[in-house]
Amino acid sequence: MESADIFRHLPSSNTTWLLALLCALTLYMLSMCVYRLLFHPLARFPGPKLAATTKWYEFYYDILKSPGGQFFHKLSQMHDQYGPIVRPNPSEIHIRDPGFFDVLYAANPTKRNKYLPSTEMAALPLGIHGTISHDTHRRRRVAISPMFSKRAVTSAQDLIQPHVHKLVEVFAANVDSLEALNLQTTFLAYTTDVIYDYMFGIKTNYQNNKQEAEAWRQSMEAVAQATPFSKQFPWLNAKLLALPHALFRPLLNRFLPDIAGLLETHSVMMQTVSNYVSEQSKTGLGEIAEEKEKIKPKTLFHAIDRSQLAGDEKNPQRMYQEGLTVLFAGGETGSRLLAHTMFHLLDNPDILEKVKDEIAGVYRSSNGSPEVKMLERLPWFSASIRESLRLRAATTSRLPLISTKDLVYKGWTIPAGTPISMSHPDILHNNDIFPEALKFKPDRWFNATDFQNRMFVPFGKGTRMCIGMEFAYGEMYMSLAAVLNRFELELFDTTWERDVAYSRDCFLGEPSKSSLGIRVKVLIDKAAKRD
Ligand code: HEM
């Protein structure tokens with residue numbers, strides 16, 4: 001053989017490098033697997049070995065396995081097999097035991113940090129939901145809490161009332177309509193208008209603009225559908241948001257209108273903050289001093305400005321992220337719950353009658369304008385909202401927190417710094433706590449035990465629990481009472497299995513992909529009948 005032929009059979013230098021790289025990568029991955037299985041601080045915790053080895057295990061269930069967002073089901077199966085404490089991926093621990101909820105989601109001053117991958121997918125690290133450090137979160141949360149207190153919400157009933165009137169008009173306009181009313185879109189338009197007005201002093205008009213409302217719902221839907229993917233690659237959203245969108249806008253408008261709509265919301269919020277800042281530079285500190293006297297700050301930004309936060313925590317970038325945090329956290333959750341409550345009531349005519357009788361009574365005694373506190377006292381009505389919140393178990397994703405100290409669970413010492421999570425459905429749908437847990441039974445709340453009340457956790461618990469709870473209750477009581485008092489409704493082609501029960505975890509639980517939404521026909525407008 002000629003010497004040239006020998007060289008032809010030897011690998012070229014590029015191929016050699018490639019082979020070396022592949023070998024190094026394989027070696028690295030093998031040693032990583034060995035480390036995670038044998039030497040990692042969580043190595044001795046129960047769970048499937050494959051899940052302990054790689055996060056691609058979760059990727060499979062959330063992305064590849066149809067219809068997506070299936071890892072939360074797998075997590076339940078892991079608990080069935082391995083017990084109440086499992087290691088769902090190389091670096092996390094998940095616990096299914098209601099007794100541990102108060103320990104993990106402890107109140108201040110117990111320190112709990114958030115886990116970066118679980119917060120960064122929303123790409124709003126400067127808003128309270130995305131804030132990792134316990135101490136920074138405390139300061140930021142205290143700053144905006146005057147917007148969310150029960151007193152503030154109660155004082156703003158006159159602000160919410162016109163939006164309730166508009167909602168009623170939407171239902172009235174649909175009497176005898178051939179088209180069914182999609183409750184998710186209808187209520188999302190309502191909750192979004194209320195949030196913009198209450199939090200930012202902006203009069204949006206989604207309720208009177210069906211097309212815009214539908215487009216906004218599609219954008220929210222797009223976010224939900226993308227969530228399983230964002231959970232696997234949480235850093236991606238921040239990178240996408242950092243792109244120069246103006247350049248891509250025509251393309252997005254054409255091919256991804258839902259995403260374009262979402263980006264538009266970012267621009268609107270930026271503009272709102274910028275308007276606020278320039279207004280403040282004109283009115284100066286006088287208005288802030290005046291503001292301090294009010295129960296409800298004029299806007300979320302006024303709340304931040306009048307707070308004790310340091311100057312660099314009051315900059316426009318932070319206000320913009322806090323604004324979006326509140327808008328995204330509040331619109332969809334509230335509207336879904338309204339639609340779900342309506343479903344359960346229409347699906348249970350006996351209970352609906354009791355609720356309607358109560359509401360009619362309070363409308364009579366208050367000359368047609370009952371306050372929220374009167375509605376909250378109605379036994380069947382308030383128990384129905386509570387039961388709907390329990391059954392909805394809105395947040396299906398596990399919610400990891402990090403303790404700065406070791407935590408002990410039944411003899412297992414979980415090292416400080418480990419992300420530990422629990423899942424709301426494991427508690428709210430637990431048959432041992434709530435017998436026949438998947439049934440709508442509002443009367444279970446009439447004689448609820450202390451433990452059942454303690455385990456009513458749809459808004460979470462502890463330092464990171466929902467800040468918008470009172471706001472949510474306020475807008476829910478007012479709107480449901482007004483609609484139920486005036487209209488006879490009927491469910492239209494809506495079933496529990498397809499349209500209400502969740503089958504996918506997209507942070508919030510999503511129904512089956514074939515769902516067309518919770519829809520109703522408006523049969524009778526009692527006010528029109530009276531005329
Ligand atoms: C039925 C309605 C609602 C439910 C079931 C709900 C549920 C929750 C839950 C479970 C959390 C904790 C999430 C986590 O730990 O990652 C949360 C946080 C939050 N919610 Fe709500 N929520 C509702 C309505 C609202 C409304 C109406 C607003 C605002 C107007 C709001 C604003 C927020 C904010 C800003 C956070 C982050 C709190 C923090 O990190 O300190 N929510 N919500």
Side-chain angles (χ1 to χ4, degrees), residues 101 104-108 112-115 117-122 124-134 136-145 147-149 152-153 156 160 187-188 190-200 227 231 296 299-300 303 321-341 385-402 419-425 427-428 456-480 502 507-509:
F101 202 78
L104 182 59
Y105 302 99
N108 206 39
R112 295 282 184 264
N113 295 323
K114 272 209 167 163
Y115 178 45
S118 77
T119 61
E120 69 179 337
M121 65 181 170
L124 297 170
L126 302 176
I128 54 169
H129 192 255
T131 303
I132 291 183
S133 143
H134 173 91
T136 311
H137 172 262
R138 278 323 297 154
R139 287 192 291 273
R140 289 177 177 170
R141 185 165 164 131
V142 167
I144 59 169
S145 57
M147 289 301 281
F148 296 92
S149 69
V153 175
I160 299 175
F187 284 130
L188 182 62
Y190 161 72
T191 55
T192 308
D193 280 347
V194 175
I195 290 188
Y196 267 113
D197 194 2
Y198 181 100
M199 298 288 168
F200 311 111
T227 304
K231 270 167 73 182
K296 173 196 170 292
T299 67
L300 189 78
Q321 293 206 13
E322 201 66 284
L324 283 179
T325 299
V326 169
L327 179 65
F328 290 147
E332 185 78 353
T333 43
S335 64
R336 290 283 187 97
L337 189 83
L338 283 166
H340 278 232
T341 309
I385 289 183
R386 201 169 167 81
E387 181 68 345
S388 172
L389 274 161
R390 183 193 68 74
L391 252 183
R392 164 84 181 119
T395 317
T396 39
S397 278
R398 61 184 192 275
L399 298 171
L401 286 182
I402 294 180
I420 311 169
S421 58
M422 296 182 71
S423 305
H424 289 180
I427 293 174
L428 295 167
F456 177 70
V457 295
F459 294 101
K461 266 198 172 182
T463 46
R464 306 287 182 144
M465 91 173 265
C466 179
I467 196 173
M469 184 177 78
E470 294 300 344
F471 183 85
Y473 275 128
E475 62 177 8
M476 282 190 296
Y477 272 105
M478 289 174 76
S479 55
L480 280 175
Y502 52 69
F507 190 74
L508 300 181

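In each ligand, atom 1 is the first atom listed, and ligand 1 is the first ligand listed. Just so it is clear, the model here is predicted, and its values are computed rather than measured.
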Open item on the list: Is there a ring-ring contact (aromatic ring centres under 6.0 Å, His included) between F507 and F328? Walk through the geometry before answering.
Closed with: CA-CA 12 Å; F507 190 74; F328 290 147; over 10 Å; no
Open item on the list: Heavy-atom pairs closer than 4.0 Å: do any link ligand 1 to the side chain of I128, the backbone, both, or neither?
Closed with: both
- [ ] Determine whether any heavy atom of H424 lies closer than 4.0 Å to an atom of ligand 1.
- [x] yes
Open item on the list: Checking Y198 against M147 for the side chain to side chain contact (heavy atoms under 4.5 Å, CB included) test, could you report, in this order, the C-alpha distance in whole Å, the side-chain angles of both residues, the deciding distance, and whether it holds?
Closed with: CA-CA 9 Å; Y198 181 100; M147 289 301 281; 4.0 Å; yes
Open item on the list: Keeping to distances under 2.8 Å, can you name the protein N/O/S atoms close to atom 21 (Fe) of ligand 1?
Closed with: C466 SG
Task: Protein heavy-atom partner closest to atom 5 (C) of ligand 1 - residue, atom, separation in Å - done: P458 O, 3.7 Å
Task: Closest approach of R112 to T463 (non-hydrogen atoms, all atoms of both residues) - done: CB-OG1, 4.4 Å
Open item on the list: Side chains of I160 and Y477, heavy atoms from C-beta outward: is any pair under 4.5 Å?
Closed with: no
- [ ] Of the side chain and backbone of K461, name the one, both, or neither that has a heavy atom under 4.0 Å from an atom of ligand 1.
- [x] neither
- [ ] Please report which non-hydrogen protein atom sits nearest to atom 12 (C) of ligand 1, along with the residue it belongs to and the distance in Å to one decimal place.
- [x] R464 O, 3.6 Å
Open item on the list: Just so I know, are the side chains of Y115 and S421 near enough to count as touching, which here means a heavy-atom distance under 4.5 Å?
Closed with: no
Open item on the list: Please compare R141, R398, R138 and report which has the shortest non-hydrogen distance to atom 38 (C) of ligand 1.
Closed with: R141
TODO: For atom 37 (C) of ligand 1, find the nearest protein heavy atom and state the residue, atom name and distance (0.1 Å precision).
DONE: H129 CD2, 3.8 Å
Open item on the list: With a 4.5 Å cut-off on side-chain heavy atoms, are I467 and R141 touching?
Closed with: yes
Open item on the list: Side chains of P125 and T119, heavy atoms from C-beta outward: is any pair under 4.5 Å?
Closed with: no
Task: Close-contact set for ligand 1 against T395 heavy atoms, below 4.0 Å - done: 10 (C)
TODO: Return the minimal non-hydrogen interatomic distance between I195 and G331, and the atom names on each side.
DONE: CD1-N, 3.5 Å
TODO: Ignoring angles and geometry beyond distance, decide whether H137 reaches within less than 3.5 Å of ligand 1 through its nitrogen or oxygen atoms.
DONE: yes
Open item on the list: With heavy-atom distances below 4.0 Å as the criterion, list the atoms of ligand 1 near M465.
Closed with: 38 (C)
Task: Minimum heavy-atom distance A303-I144, with the two atoms named - done: CB-CA, 4.3 Å
Task: Where ligand 1 meets L399 - atom numbers and elements under 4.0 angstrom, heavy-atom basis - done: 14 (C), 15 (O), 16 (O)
Open item on the list: Give me the residue, atom name and distance of the protein heavy atom closest to atom 30 (C) of ligand 1.
Closed with: F471 CD2, 3.6 Å
Open item on the list: Less than 4.5 Å apart, side chain to side chain, heavy atoms only: is that true for E470 and S149?
Closed with: no
Task: Whether Y190 and F187 hold their rings parallel, tilted or perpendicular, with breakpoints at 30° and 60° - done: perpendicular
- [ ] Indicate the atoms forming the closest heavy-atom contact of M199 with F148, along with that distance.
- [x] CE-CE2, 3.4 Å
